[in-house]
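Lettering follows sequence order; numbering is per chain, from 1.
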Amino acid sequence: MTADPRLKAQDYKSEIKPIWCPGCGDYHVLLAFTRAFAELGLAPEDIAVVSGIGCSSRIPAYTSCYGFHGVHGRALAVAAGLKVARPDLTVVVATGDGDGHSIGGNHFLHACRRNLDMTYIVMDNHIYGMTKGQPSPTTEPDFDTALSPGGTGLRPFHPLVIALASGANFIARCFSGQPAETASVIVEAIRHPGFSFVEVLSPCVTFRPDQREWKNLVHPAPVAATNDPAVAARRIMTDDGFNLGVLYRGDRRPYRPEVGVSSADLSELEREFEI
Amino acid sequence: MSSSDDRDRVPAKPGDPGDGPPVANLADLFAVAWRIEADAVERYHLLADQMETFNNTELALVFRDLARAEGIHRDEIQRMAGDIDVVAHARSLPDWGRGESPEKADLGDAHYLMTPWHALKMALAGEERALSYFQHVVATASDPKVQEMAKESSMRMPSTSICAIGCCANIPRRKASPGRTIPTRRLHKSEAQAWFSVLWREAATAKKGGCRGYFAFLIARKGLRERTRSTDS
């Protein structure tokens, strides 16, 4: 796998036209994806984009890379299998907050713990947009709509803290409205060995028009990334949720299982089953 | 990536002057100018596709028109460049630094209920970013030929901007709601009074949006009066 500097962001776009709502943050995330891939100079056939279900999970179809639009919440399971079988591929997983943190919440914990060398990008809009605006695990407790009268009253899920506690090796937060910065963080996440988790705040302008205000709320993290989980935990747990940049850069060794190379002789294995 | 410099960083703005690819000679300038227009064409087509998906055909046509206009500019630059292969040269240029190409409309500003007024407002913002980019090149270029050509490019921008401002002034900001179409049948007095109040409320918005919307209100009110009179008689 060699980097090709001639590849441009346009080369990673497919012929399929996105059908996200106009103004959706996911358009910018797609731009950031293609820009990051071009910066890495990876051939489209050396990248696999795996997704689950939801608005954001449409993204593999809009790239020219290998793609797998999978089962709801199971994107990480599929991606883990792929990475184990084909460690030469660059595996990028793209989901939303509902798919990734609710339906696929358990896979998230164990993917962080397993620390396979892949990149997990969650486009977080604090809502189930595709199904018309139900509260997701990251929705604010007082989000009051016809579908959640008075709000859920539930404490929101904190993906970055959970990723850190579960063993993710790289943690970052980006804002879709800053595609250049998002692209450079994605590049770093892909290059960093082990499981990299990137939360992209991606507004849902249809069901959360208030999120248009995010562009005025986000700000760069005031301090450099740390490799100390205790320091990172304190920072992430006490920030305002709009701190952008790389927040944790760990040094755990990625999990690389030996597959496809068995030293055992087949006849030896058969002997075990002899009666 | 976070660093100690982060405290001084400001959020990225599309097409910040000085953010673009370096311009060392005339070939670079033509290539950058060509790419700005080509990027705008691509972005307007993307927005038109979005509007078609959401059945906002009126706005899709506006974005297609804007794409066509930018396409004319792009081809004109290619013609002006003569023997320089601007397409190949533009491809070899690095990406825009932190923001996007100046004339690319901001995708985050789009909405499926937007009107041509909003589209032109987006176009105007793009033209203004391009203007400040070329002004930056004029101020920083060391090659006099580059300075001269960049100056010429920046002089063209105000005319485009004036067109966009003029269009914005004549297009209502809000689309008339289909639910507020006055029935063509004869109206009872009470119904007519209800419609008058609806129109009166809309008039306030139409006056702000531009004269076309206000004329629409006047025409609708005239029709309503005529029909009410015929009902009373």
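Heavy atoms of A:Q10 lying under 4.5 Å from chain B belong exclusively to its side chain. Of the atoms belonging to B:D109, heavy atoms from both backbone and side chain fall under 4.5 Å from chain A. For a residue to count as touching a neighbouring chain, one of its non-hydrogen atoms must lie under 4.5 Å from one of that chain's; by this rule B:L59 does not touch chain A. If you measure heavy-atom distances from B:L46 to chain A, the contacts under 4.5 Å come from the side chain alone.
A:D46 and A:T90 form no side-chain donor-acceptor contact under 3.5 Å, judged by distance and modelled atom types alone. There is a side-chain donor-acceptor pair under 3.5 Å between A:S202 and A:D26. Under 3.5 Å, the side chains of B:H73 and B:E76 contain no donor-acceptor pair of N or O atoms.
A cation-pi contact links A:R208 to A:F143, judged by a cut-off of 6.0 Å to the six-membered ring centre and 45° from its axis.
Aromatic ring orientation, A:F175 versus A:W214: perpendicular (interplanar angle above 60°, classes split at 30° and 60°).
The candidate from B:M51, B:H111, B:Q50 with the greatest count of non-hydrogen atom pairs under 4.5 Å with chain A is B:Q50.
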